[in-house]
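Okay, structure first, notes after.
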Amino acid sequence: MCLLDWGIDKILTITVDNAASNSGLISFIQKKTKHRKATILGHKYLHVRCSAHILNLIVREGLVEMDETIVKVRKSVRYVRSSPQRQNTFKLCAEKEKVEFKGQLCLDVPTRWNYTYIMLEKAEKYQKAFERLEEEDPNYLMTIREVEKEDGSDIDEVAWGMGDVDWEKIRIFSKFLKIFYDATLRFSGANYVTSNSFFLELMSIHDTIDLEYEKDRLVLDPRYKMRYLEYCFGTLYENQKAVDMAKRIKVVLVDLYNAYAQNQVGSSSASAAA
C-alpha cells in the first residue's frame, strides 16, 4: 500500500535487519512486484541484509569475551552516577590526580554495543580517579559487593576492584571497538549512498585487526575494480576460495549489467517507435 501511495514502480533493493519476519516480508514484495516491467532479474538481488546489523552481531560476540571487565566498569560508573554527592567525590578524586573532569561518565545500555564503547572510552580516561576513589571512599567496593549479593552472584569469584590487567583490557578493547564504531557511523548514514563503502570498511577493519594481532564491499565503489576485489579476497581466504568468491561476484555483476542493457534496448526501441 505504501509503494502504491508513493507512486513507486521501480524497486532496486530493500535493506532490512536479520529479523525472521523480514524474510516473509521480502517474499511477499517479490511475489507482488516480480512481473513489473521495471523489475531487474526477477528480484534475484532484491533482499539485502543490513550491513550495520551484521557488524553489530560480530561485535556483540566479541563483547562476551570481555564480560567480566565490562561488568566491573558498568557497576563502577553506576555507583558514581547514583547520587550528586558521589559525583562530587569522584570529581574531587579526578582533581587530586590532576585529571581534567569533563562532564559525566557514560552508563551503557547492555544491548547497544556502541554505548558500551562510549562508556569504556570515557572510563579509561579516569583510571587514576577510580583508583583514588577505591582508597578514599570505603563504600565504593562495599556497595558493589552488596549489589552482587542481591543479584545472587558469587562474589568470591571476582575481585571487584579494577586492577592493571582490567585497565589494560579496557584500553585495548576501546581501541578495537573504535574501529567498528567509526565504520558503523560511516556506512549507516541516511542521506547519502553507503552500500559502495561497506566492503572497503570491512577490509579496513580486517587489516587493522591483523596489525594489532602482529603487535602483541557487497557493492563495489566504482573506483575499485575486480583486481582490487581479487586482492582483498586473497588476503581473507586461501587461494581457491578467493578465486571462487571473485568469480561469484563477477557473475552477479555480469547478470546485472546484461539485465540493465536489455532494459535499455527495450526503452530505446519503444522511444524510437513513438
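Heavy-atom basis, side chains included; hydrogens, waters and symmetry copies ignored.
Between Met142 and Pro138, the shortest heavy-atom distance links the atoms CB-O, 3.6 Å. Taking all atoms of both residues into account, the shortest heavy-atom contact from Asp9 to Arg36 is O-NH1, 3.0 Å. Heavy atoms only, all atoms of each residue included: Cys93 and Ala129 are closest at CB-O, 3.7 Å. Ala246 and Glu230 get closest at one heavy-atom pair: CB-CG, 3.7 Å. Between Ser76 and Phe130, the closest heavy-atom pair is CB-CE2, 3.8 Å. Scanning all heavy atoms of the two residues, the minimum distance from Ala123 to Leu105 falls at CA-CD2, 4.4 Å.
For Arg171, the side chain to side chain donor-acceptor pair (under 3.5 Å) test picks out Gln127, Glu168, with sequence neighbours left out. Phe176 pairs by the ring-ring contact (aromatic ring centres under 6.0 Å, His included) definition with Phe173, Phe180, not counting sequence neighbours. For Glu136, the side chain to side chain donor-acceptor pair (under 3.5 Å) criterion is met by Lys96, Arg132, not counting sequence neighbours.
Note that the CZ atom of Arg248 and the CE atom of Met245 stand 5.5 Å from one another [nearest 0.5 Å]. Residue Leu46 holds its CG atom at 8.5 Å from OG1 of Thr39, rounded to the nearest 0.5 Å. Of the inter-residue distances, the one linking Met203 atom CE with Cys232 atom SG reads 4.0 Å to the nearest 0.5 angstrom. Here the straight-line distance linking atom CD of Gln30 with atom NZ of Lys44 works out to 12.5 Å at 0.5 Å rounding. Once rounded to the nearest 0.5 Å, the distance linking CG of Asp108 with CG of Leu120 reads 7.5 Å. Separation of atoms OG (Ser27) and NZ (Lys34) is listed at 11.0 Å; rounding is to 0.5 Å.
Both Ile11 and Leu25 belong to a common hydrophobic cluster when Ile, Leu, Val, Met, Phe, Trp and Tyr are linked at side-chain heavy-atom distances under 4.5 angstrom. Cluster membership check: Ile179 shares its hydrophobic cluster with Leu202, using side-chain heavy-atom separations under 4.5 Å among Ile, Leu, Val, Met, Phe, Trp and Tyr. Linking ILVMFWY residues whenever their side-chain heavy atoms come closer than 4.5 Å, directly or via other members, places Leu185 and Tyr117 in the same cluster. Taken together through direct or relayed side-chain contacts under 4.5 Å among Ile, Leu, Val, Met, Phe, Trp and Tyr, Ile118 and Val77 form part of one hydrophobic cluster. Hydrophobic clustering keeps Val16 apart from Leu12 (ILVMFWY residues linked when any side-chain heavy atoms are closer than 4.5 Å, directly or through intermediates).
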- Message: Run the side-chain contact (heavy atoms from CB on, under 4.5 Å) test on Asp244 and Tyr237 for me, step by step, so that the C-alpha distance in whole Å, both residues' side-chain angles and the decisive distance to 0.1 Å come before the verdict.
- Response: CA-CA 10 Å; Asp244 292 343; Tyr237 309 111; over 6 Å; no

- Item | Test log, rule side-chain contact (heavy atoms from CB on, under 4.5 Å), inputs Val71 and Arg74 | CA-CA 5 Å; Val71 169; Arg74 185 179 295 130; 4.1 Å; yes

- Message: Test side-chain hydrogen bond (donor to acceptor under 3.5 Å, both in side chains) on Asn258 and Gln262; report intermediate values, then the result.
- Response: CA-CA 6 Å; Asn258 289 337; Gln262 185 61 42; over 6 Å; no

- Evaluate side-chain contact (heavy atoms from CB on, under 4.5 Å) for Leu3 paired with Lys32, printing each intermediate quantity in order. CA-CA 11 Å; Leu3 292 173; Lys32 286 291 186 181; over 6 Å; no

- Could you walk me through whether Glu121 and Leu177 pass the side-chain contact (heavy atoms from CB on, under 4.5 Å) check? CA-CA 9 Å; Glu121 191 261 344; Leu177 284 178; over 6 Å; no

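Under the 30°/60° scheme for interplanar angles, the aromatic rings of Tyr126 and Phe90 are found to stand perpendicular. The aromatic rings of Tyr79 and Tyr140 sit tilted, their planes meeting at an angle between 30° and 60°.
Proximity of a side-chain donor or acceptor of Thr89 to a complementary backbone N or O of Leu133 within less than 3.5 Å is not detected. Here the side chain of Asp166 pairs a donor or acceptor atom with the backbone of Gly163 at under 3.5 angstrom.
Between His47 and Ile29 there is no side-chain heavy-atom pair separated by less than 4.5 Å. Residues Lys169 and Val165 are in side-chain contact: their nearest non-hydrogen atoms beyond the backbone lie under 4.5 Å apart. Counting heavy atoms from C-beta outward, Val59 and Thr184 have side chains that stay 4.5 Å or more apart. The side-chain heavy atoms of Met119 and Ile70, taken from C-beta on, include a pair separated by under 4.5 Å. A heavy-atom distance below 4.5 Å is found between the side chains of Glu131 and Trp167. Contact check for Leu256 versus Leu41: side-chain heavy atoms found under the 4.5 Å cut-off. The shortest distance between side-chain heavy atoms of Leu236 and Lys241 does not fall below 4.5 Å. A 4.5 Å side-chain heavy-atom check between Tyr260 and Ile40 finds at least one atom pair inside the cut-off.
Between Asp182 and Lys178, at least one side-chain N (NZ, or NE/NH1/NH2) sits under 4.0 Å from a carboxylate O, which counts as a salt bridge.
In Glu100, the CD atom is not crowded: 12 or fewer heavy atoms of neighbouring residues, nucleotides or ligands sit closer than 6.0 Å. For Asp5, the CG atom counts as densely surrounded, since its 6.0 Å shell holds more than 12 non-hydrogen atoms of other residues, nucleotides or ligands.
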